[in-house]
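Bear in mind the structure is a predicted one, so any value in this text is a computation, not a measurement. In what follows, residues are counted from 1 in the order of the sequence shown.
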Amino acid sequence: MMRVPLRPLARVIAARSQGLDPDLAEAERRAAVLRNRRSEERRRAEWRLWLLCAVFVMGFSAVGGKMALIAATDPEEPVREIAGDPIRAHRADIVDRNGVLLATNMVTNAIYVETRQMVDKAGVAQGLAAIFPDLSAETLLEKFEGPGNFHWIRSEISPEQQQAVFDLGQPGVYFGPRETRVYPQGQRAGHILGGSRYEREGARAAELEGVAGIEYQYDDRLGDPAQVNTPLQLSIDMRVQNAVRDVLAAQMENFTAIGAAAIVMDAQNGEVVAMVSLPDFDPNDRPAPRGPQGDLLFSRASQGVYELGSTFKAFAAANAMERGVAAPGTIIDTRGPLTWGRFRIRDFHNYGPELSLTEVMVQSSNIGSARIALETGTLAQQDFLRELGFFDASPVELPEARSARPLLPPRWSELSTMTISYGHGLAATPLHLASAYASIVNGGLRVRPTLLAGAPAPTEEDRVVSRETSQALNQMLRAVVSRGTASYADIEGYQVGGKTGTADKPIAGGYADDKVIATFAGMFPASDPRYVVVVSLDEPETFAAGMIRRTAGWTAAPTMGMLVTRIAPILGMRPTPEVIVADQGTTTLARVAQ
């Protein structure tokens, strides 16, 4: 039974006392309650509508803001094709010190097939063989009819080939987008950049991997998604690199040499401005290491370990001056031959019974250099060459250079001390020689070769010789060029200084009689060296003054002169008049080539 609520007794009595109908009073009360309820429900509905409007406004504002942000941002490709894809589809550019492009990526396509989607396998095989002549229709058809559904056809194709494949109109043939590595400078920077290849490939992306050179050394940096839009900047100046290569190639042909190398280095911080090795290769079409052209991959500048001849006399002189054993005017006994057991050390010419240390350098006396090295001592020689980096592989950022450790004598005897003073008995790379020369001519601070731009200058903690020793040596090296064995390297206005070195090539059981490595190591300007240059020619020879000449004075020195003529203006250096500083050696001027 439903219970009906009783009407309030007070209201009934009050209504009757006023002569009103109690039922009507109750109805009015209920109407008032109902009005209040509806008013509350309306307020609640309005509040919900306003809240919903606010949500919509916030949502559309967020979408609009994101669209505005996207519109204001430069377009770029996603770093990864899909979330979680392990393939790094992009690779950072490599540029020279001036921003010139050395390596970049180009969008291309690969071709693959899915045989389950094919309607006419024989037609596909014949069509692809017609577009790619190196492919056989029979081989392709055999592959299509064999096990497996997925088959790669080509990892890279040209736009013309892509269009031709598209025109076949055959189902089951697909294009896989990817980026390929392109080297705009071609073979002119091949030994530095090294090259790359596809490491992992997917249908929608492929990952490039460095195989040598800078590409291999900085593989993680170049493939890092966080740095893919930041180019890797090298210390190389392609203007200088091109000039060096052109001169070196011309001189290599002129002297019928089988190989050549040249390095231009900033003497103040060790940055390699140019480094050329000939013959070279194009990293766009890198030869196979074990193929018929595999020897082209060998860098004579950073991998070639050679005896560097009389260029080492500069180290013997610098070490002697630094240790107080001799000064530029110190008289050295040059009577010969100098004997040690059954061995004889001779000079190229008879220079008389004595020469000053400066003239030992100018005339390139082996006997004088050997005697000053003996006076300085074996341990002092070892310590000095160790400080200059001749006991370790070059620290330059090239993986190939790590295996090019200098060849030291197994037993460092007094004879070794003598022969090493003039560059025989210790073999190193031209890059070792360049960094060592930079260290002794730049004021005496050890520099380490680098291919990255922005290398810091060395500090006093890196000092190997005093500033006074360095300045004295620079005057001696200048004298070698102005009136000594390297006179064909003299270029008016640029104060070239340096030292020639001619080393017989080793053969089984000894040395060849008619094959040499001719080297010049020098700097300019000698008054305040800014750049060090090393030139090396493998088996050069020329006919001059009535006979065949092979020594560095006739081959590497004139090459140095041509290089300075070409690169000095590029480097912003103007010819300046030279202030002649009198030294304590012989003052007779003579144009001599040894």
Side-chain angles (χ1 to χ4, degrees), residues 102-103 182-197 210-216 234 236 238 240-264 272-308 394 396 398-401 403-404 427-434 451 503 505-507 512 514-520 533-542 550 552 555-556 558-560 562-563 566-567:
L102 304 181
V182 178
Y183 302 93
Q185 305 301 325
Q187 62 197 70
R188 292 181 175 270
H191 285 112
I192 297 172
L193 299 175
S196 59
R197 66 185 175 194
V211 295
I214 289 293
E215 289 276 22
Y216 182 85
L234 304 186
I236 296 297
M238 280 309 300
V240 179
Q241 181 83 1
N242 288 332
V244 170
R245 187 184 184 279
D246 290 343
V247 170
L248 202 62
Q251 291 295 85
M252 180 177 163
E253 181 178 359
N254 185 36
F255 295 126
T256 63
I258 64 172
I263 298 165
V264 179
V272 178
V273 180
M275 185 167 65
V276 176
S277 174
L278 297 177
D280 50 20
F281 68 96
D282 188 346
N284 291 298
D285 187 22
R286 181 181 169 87
R290 302 185 184 279
Q293 293 185 312
D295 58 335
L296 300 181
L297 301 175
F298 180 75
S299 172
R300 297 171 183 271
S302 61
Q303 293 177 266
V305 178
Y306 312 108
E307 290 185 341
L308 297 167
S394 173
V396 73
L398 292 175
E400 299 82 6
S403 61
T429 69
L431 193 57
H432 279 95
L433 187 63
L451 284 164
K505 290 190 70 172
I507 58 176
D514 57 353
K515 296 179 180 180
V516 302
I517 298 288
T519 305
F520 180 90
V533 180
V534 170
V535 177
S536 180
L537 297 169
D538 192 350
E539 298 185 18
E541 63 178 33
T542 185
R550 300 186 179 90
T555 57
T559 303
M560 170 68 173
M562 294 178 65
L563 283 176
R566 285 287 302 277
I567 69 176

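- Note that CD1 of Ile192 is 3.5 Å distant from CD1 of Ile236, once rounded to the nearest 0.5 Å.
- Among residues at least two apart or in separate chains, salt bridge (charged side-chain N to carboxylate O under 4.0 Å, His left out) pairs with a member in residues 183-195 are Arg188-Asp246.
- A search for side-chain hydrogen bond (donor to acceptor under 3.5 Å, both in side chains) contacts involving Thr519 returns nothing, not counting sequence neighbours.
- Legend: residues meeting salt bridge (Lys or Arg N to Asp or Glu O under 4.0 Å) with Lys505, ordered by chain and number and at least two apart, are Asp538, Glu539.
- What you find for Thr542 and Phe255 is that their closest heavy atoms are CB-CD2, 3.6 Å.
- The side-chain heavy atoms of Leu296 and Pro279, taken from C-beta on, include a pair separated by under 4.5 Å.
- Residues forming a side-chain hydrogen bond (donor to acceptor under 3.5 Å, both in side chains) with Tyr183 (at least two apart in sequence, or on another chain): Ser196, Glu215.
- Between Thr429 and Ala404, the shortest heavy-atom distance links the atoms CG2-CB, 3.8 Å.
- Other residues, nucleotides and ligands place no more than 12 heavy atoms under 6.0 Å from the CG atom of Asp285.
- Using a distance-only test at 3.5 Å, with no hydrogens or angles considered, no donor-acceptor pair links the side chain of His191 to the main chain of Gly213.
- Taken from CG in Leu308 to CG in Leu433, the straight-line distance is 5.0 Å, to the nearest 0.5 Å.
- Between Met238 and Ala189, the shortest heavy-atom contact is SD-CB, 4.5 Å.
- Residue pairs satisfying the side-chain hydrogen bond (donor to acceptor under 3.5 Å, both in side chains) criterion with at least one member in residues 248-259, sequence neighbours excluded, are listed as follows: Gln251-Thr559.
- Under the ring pair (Phe, Tyr, Trp, His ring centres under 6.0 Å) criterion, Phe298 pairs with no residue, sequence neighbours left out.
- Under the rule for a side chain to side chain contact (heavy atoms under 4.5 Å, CB included), the partners of Pro287 that lie at least two apart in sequence or sit in another chain are Phe281, Gln293, Leu297.
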**Asked** Where do Leu193 and Leu234 land on the side-chain contact (heavy atoms from CB on, under 4.5 Å) test, with the steps shown first?
**Response** CA-CA 10 Å; Leu193 299 175; Leu234 304 186; 4.2 Å; yes

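- When all heavy atoms of Gly195 and Pro283 are compared, the closest pair comes out as CA-CB, 4.3 Å.
- In terms of heavy atoms, Leu537 sits closest to Ala556 at CD1-N, 4.0 Å.
- Judged as a side-chain hydrogen bond (donor to acceptor under 3.5 Å, both in side chains), and not counting sequence neighbours, Gln185 has no contacts.
- Applying the side chain to side chain contact (heavy atoms under 4.5 Å, CB included) rule to Ala301 yields the partners Ala261, Ile263, Met275, Ser299; only residues at least two apart in sequence or on another chain are considered.
- For Gln303, the side-chain hydrogen bond (donor to acceptor under 3.5 Å, both in side chains) test picks out no residue, with sequence neighbours left out.
- By the salt bridge (Lys or Arg N to Asp or Glu O under 4.0 Å) test, Arg286 is found to be paired with no residue, residues two or more places apart in sequence or in another chain being considered.
- Residue Leu451 holds its CG atom at 5.0 Å from CD1 of Ile214, rounded to the nearest 0.5 Å.
- Put simply, CD1 on Ile258 and NZ on Lys515 are 7.5 Å apart, with the number rounded to the nearest 0.5 Å.
- A heavy-atom distance below 4.5 Å is found between the side chains of Leu248 and Val535.
- Residues Gly186 and Asp282 come closest through the heavy atom pair CA-OD1, 3.5 Å.
- For the atom pair CG (Leu398) and CG (Leu431), the distance works out to 8.0 Å, reported to the nearest 0.5 Å.
- Taking CZ of Arg245 as the reference point, atom CG of Asp280 lies at 4.0 Å (rounded to 0.5 Å).
- Applying the salt bridge (Lys or Arg N to Asp or Glu O under 4.0 Å) test to Glu400 and every residue at least two apart in sequence or in another chain returns nothing.
- Using a 4.5 Å heavy-atom cutoff, the side chains of Glu307 and Ile517 are not in contact.
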